[in-house]
Each structure stands twice: as structure tokens, then as C-alpha cells.
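First comes the structure, then the notes that go with it.
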There are 2 protein chains.
Amino acid sequence: MTEVDRRVADFESQLKGAGLRMTQQRRLILRVLAEADDHPDAKGIFTRAFALDPTLSLSTVYRTMKVLESQGAIERHAFEDGISRYEHADQEHHDHLIDIDSGEVIEFSSDAIEELQRRIAAELGYDLVRHRLELYGRKKQPARKGGRK
Amino acid sequence: MTEVDRRVADFESQLKGAGLRMTQQRRLILRVLAEADDHPDAKGIFTRAFALDPTLSLSTVYRTMKVLESQGAIERHAFEDGISRYEHADQEHHDHLIDIDSGEVIEFSSDAIEELQRRIAAELGYDLVRHRLELYGRKKQPARKGGRK
DNA sequence: AGCTAGATGAACATCATTTTCATTTGCAGC
DNA sequence: GCTGCAAATGAAAATGATGTTCATCTAGCT
Ligand SMILES: [Mn+2]
Ligand SMILES: [Mn+2]
Ligand SMILES: [Zn+2]
Ligand SMILES: [Zn+2]
């Protein structure tokens, strides 16, 4: 709770600085995001939040996600299905590997690949501003005696 | 033209093998794709093809893109705006750098980054099946006397 | 407690893409 | 070349995620 409360408080001061208000709905959605350990979409966030406050509307979820994103409080990702998914932004940068059988999303980070991307952009005459990197894979089968089947 | 005709013929035999038909519309769309050197979306393809045959419909473009994709004749990409864009598949694998000022799409390929992705997936216990890598950058300014401004 | 601009909920609008369905057409067999 | 029929098409309607409108509510200030 302490951790979640700290994030909510942090965000409240950010809002103040932008002349925006901390509403019940924003508090609620922020709490749902802070407690999530996955990458829910708007409907998923709505479902979780609606369970705690059945007066919440889906419109407000969408609006709130834009506010949260513009304040840098969350990150938005659209994997292969094109649906926007969200996660809290107070973690170091990482990319995602998606299990194509289960849909599970696994986070990883690699300084080597980050550096390599910067270098590639530089060789093309560009400064790298951001990137999207998603790996789609299938669980390796445990090795069998006699090697690969 | 010879090159384009070869691609159309190649695709026609693929279709035959799948019990599908080579129609005027598919021929036309395939031609537009073969002549494109960019990454047009469905509407863009429709516009170019419609100029050559004003009886074509946008529905058919969408349907044809699915057929072409399922046959492996084209690749589909959805960059940040989420709209599907297409390109002919008979070229070696490459990834894309998008100029965030102009929207220009630049192709590149790097064996090093391909290998690194495989290694990262492997370390997580996965076989890499496919990936999505997009770099978003801004043109480097030419160096000035006195270094970075 | 009262004021007011920002926020909300509900309904409706948008936009890319898909689906329905009546009509057309590719093409295999004669 | 003509027929038959399943596949393909065009036009219109449906879908689904997301955005917008507008009347009403409320956070935050006095
Ligand atoms: Mn993540
Ligand atoms: Mn390309
Ligand atoms: Zn990264
Ligand atoms: Zn690649």
C-alpha cells in the first residue's frame, strides 16, 4: 500500500503542476495500474476499476490513460493485435517477449541491444529517439538424450 | 515489367496450389505492390489501383491483402499509428527506421541485431519465431564548429 | 458554503477493417 | 466456344477500439 500511495501522491503533485485535478476516478485507475503486474488494455483496466467503483465509465478510462501518458506516468504498448496496453512507467526501460502460444508477456532488458540500436540509427544519420522491440517466441523444449529431436 | 510479370506468375501458381483463383483484381493489386517502393496502406493501394481500374472496391483490397499475406507474398507492418501497411515479401528480411519529423521509412538490416535477438530469446528459454523492431529517430544535424550546439 | 473551470457519464461519432449478400466471373469439363 | 458452379467481387452494413459532445457534477479555491 505504501508503494501505491507514494505513486498516487507523486502523480497528484504532477497534476497540480499542470493545473489538473486529482479526481476519485484518476486515483482509482492509478491504483489499479500500480497494483497490476501485467499489461492490461483499457477494457481490462475498466473491469478491475469498475469492481471497486461501479460508477466509473469506460470513457473516463480512455481519457485518463491519455492524461497519464501525457504526464509520463504510464507507457502504452500495442503488440500484434493493435490494442493499446498499459503499464506503470516508474520502472527502468525494458522490451517485451511474447509467448505466441500462451500470450504471456515477458519483460527483458539488454544494454547491448539498446546500444546496437543507437549505433544503427547513427550509421543511418539519425539520433535514436525511441524504439519498439518485441520478440515473439515459443518455449524451448527441454533437451532430450540424443540431441534435438 | 519483366520483373513484375514474373512475380505475378509466381503468385498465380501459388494460388493454383491453394485452389484459389487469379482474378483481374488480384493481378492489379499485385502489380501495384510490385511497383511500389514504399509501405502503402490499404487506402493507398486502393488509390493507386483504382486509377488503373475504377471498378475496384476497397473491400477487395482488404480481402486481397489477407490472401496475399496468408500466401506469404507480402508483409504487413503496423507502425505507431496502428494502420496496416504492406510491402512485397520477395526481399531479404529487414527492419525499419522511421523519421519522426517527415514520416519517411528507411529500411535497414543488421545481422548483429538479429543474432542478439535470438540470443536474448534463448536466454529466456524461448526460440525466436519472429520479431518487430522499429527505430524512431530524428536526422542528425551536421556537426558545427565548436561541437554540439 | 459558494464559485467556477476542469472532469465525468452516457450517448453518439469516427475510422480502419470485416462481414453480409446479391451478383459476377474464373476456370474445369465438355 | 459454351455451361455450371464455386470462388470472388462490389456495395452496404456491421464491428470494435477509441474519441468527442454535452449536460451535469465536483475538486479546489475563496
Ligand atoms: Mn512491460
Ligand atoms: Mn520494408
Ligand atoms: Zn529497448
Ligand atoms: Zn529484424
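Residue numbering restarts at 1 for every chain, and letters A, B, ... go by the order of the sequence lines.
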Query raised in the report: Can you find a pair of side-chain heavy atoms, one from A:Arg85 and one from A:His96, that are under 4.5 Å apart?
Result: no

Query raised in the report: So does A:Tyr62 get a side-chain nitrogen or oxygen closer than 4.0 Å to the phosphate oxygens (OP1/OP2) of D:dT18?
Result: yes

Query raised in the report: Does B:Arg21 make a side-chain donor-acceptor contact with the base of D:dA7, cut-off 3.5 Å?
Result: yes

Query raised in the report: Would you call the rings of B:Phe46 and B:Phe50 parallel, tilted or perpendicular, where under 30° means parallel and over 60° means perpendicular?
Result: tilted

Report summary line: Result for 5'-nearest mapping on DNA chain C, choosing between A:Ser57 and B:Arg27, is A:Ser57

Requested in this report: Might you point out which heavy atoms bring A:Thr60 and A:Ile29 nearest each other, and give the distance in Å?
Outcome: O-CD1, 4.2 Å

**Report entry** D:dT26 OP1/OP2 closer than 4.0 Å to side-chain N/O of A:Thr23
**Finding:** no

Report task. Please confirm whether any donor atom in the side chain of B:Arg63 sits under 3.5 Å from an acceptor in the base of D:dG10, or the reverse. Result -> yes

Query raised in the report: How sharply is the helix from C:dA1-D:dT30 to C:dC30-D:dG1 bent, taking the axes over five pairs at either end and rounding to 10 degrees?
Result: 30°

Query raised in the report: Looking at B:Thr60, does any N or O in its side chain come under 4.0 Å of the phosphate oxygens OP1/OP2 on D:dG10?
Result: yes

Query - Spacing between A:Ile83 atom CD1 and D:dT18 atom C1', to the nearest angstrom - result: 11 Å

Query raised in the report: Does a nitrogen or oxygen in the side chain of B:Thr55 sit under 4.0 Å from OP1 or OP2 of D:dT9?
Result: no

Query - side-chain N/O A:Gln25 vs C:dG9 OP1/OP2, d < 4.0 Å - result: yes

Report task. Find the distance B:Met22:CE to C:dT25:P and express it as a whole number of Å. Result -> 17 Å

Report task. Specify the separation, in whole Å, of atom CG of A:Leu20 and atom C1' of C:dA7. Result -> 10 Å

**Report entry** Check: A:Ser84 side chain, D:dA17 base, donor-acceptor under 3.5 Å
**Finding:** no

Query - Value in whole Å for how far the P atom of D:dT9 lies from CG of B:Leu28 - result: 11 Å

